[in-house]
Amino acid sequence: MSSTHLASETAIRLGLFLGVFAVMALWEWRRPRRALTVPRLGRWASNLGLVTLNTLLLRVAFPAAAVGMALAAEAHAVGLLNQVGLPFWAEAAIAIVALDLAIYLQHVLFHAVPVLWRLHRVHHADLDFDVTTGARFHPIEILLSMFIKFAAILVLGPSPEAVVVFEVLLNTTAMFNHANVRLPERLDRVLRLVVVTPDMHRVHHSVEDDETNSNFGFNLPWWDRLFGTYRAQPCYGHEGMTIGIRGYRDPRQVDRLAGMLALPFRGRVTDYAINRRQWSRGESKVNDAR
Ligand SMILES: [Zn+2]
Ligand SMILES: [Zn+2]
């Protein structure tokens, strides 16, 4: 893969992103799953502003990105798949499944470790759930994710082409499974066997702790079923459920770009998702009783 290939890859990926975004936005407009709770214009400006900021940051910090790391691994014969001469389709299939598992585990990690949950809260604090939520991440989470991806590529040694396929797939499915769209129930049930659907991932954006700590998959739906983090539907239904994080409802904090960037640095250090539950008797009382 040459530098001209890399340049055209960037253009193709930008074109694909805009194309899929337009299709999902149109679909959301024609067949929305839920009514949005906050004005779209301000929210979209903030979410898309964050996406633009992250894209620029990544280009400056890692111009060659994950593909560059795969090229380097290939040149130095580093990583498992660079030791064996598998046909491209087999190598790509293994790389896609393995990288997807790495992303699943990374997502669980960002919920489990308090300081990482602080960063990941920016994704969850969105008061609505639509195609722009899919790319709403704090810049520090974006940078850390890139380091984790680099490490996974060094261990696995996938070809640069397989990495491109994986990244295009992940970006496309992230926009699809965050979309505020209504799919026929039967179609959703069939699709869910091979890909994370919007109804499946929406459960993950519920304010209910048990639901937030489920359905971590972004692309393949199998990891949640395999590792016991799967919840089929939200307890209060897709129209009745509340999206976001309990206690983080101030639009200045969660709906404006400056507030979103500052969000990881607010609140108590212990305030994280996994192993913390909202009790009906009041959390402090339960803690006192222990
Ligand atoms: Zn999450
Ligand atoms: Zn999400």
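Atoms within a ligand are numbered from 1 in the order they appear, just like the ligands themselves.
An angle of 110° is found at the Zn ion (ligand 2) between H205 atom NE2 and H178 atom NE2, rounded to 10°. Taking the Zn ion (ligand 1) as the apex, the angle formed with NE2 of H124 and NE2 of H107 is 170°, to the nearest 10 degrees. Rounding to 10 degrees gives 90° for the angle at the Zn ion (ligand 1) between NE2 of H111 and NE2 of H204.
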The test is side-chain hydrogen bond (donor to acceptor under 3.5 Å, both in side chains); show your working for H107 and H123 and say whether it passes. CA-CA 11 Å; H107 192 181; H123 182 63; 6.0 Å; no
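Under the 4.0 Å criterion applied to side-chain N and carboxylate O atoms, D126 and R43 are assigned as salt-bridge partners.
Residue contacts to the Zn ion (ligand 1): H120 brings an N, O or S atom closer than 2.8 Å.
A centroid separation of less than 6.0 Å is found between the aromatic rings of Y104 and F227.
Applying salt bridge (Lys or Arg N to Asp or Glu O under 4.0 Å) to E239 and the options R202, R182, R34 leaves one that passes, R182.
Nearest to the Zn ion (ligand 2), among the N, O or S atoms that H123 has, is NE2.
Around atom CZ of R225, more than 12 heavy atoms belonging to other residues, nucleotides or ligands sit under 6.0 Å away.
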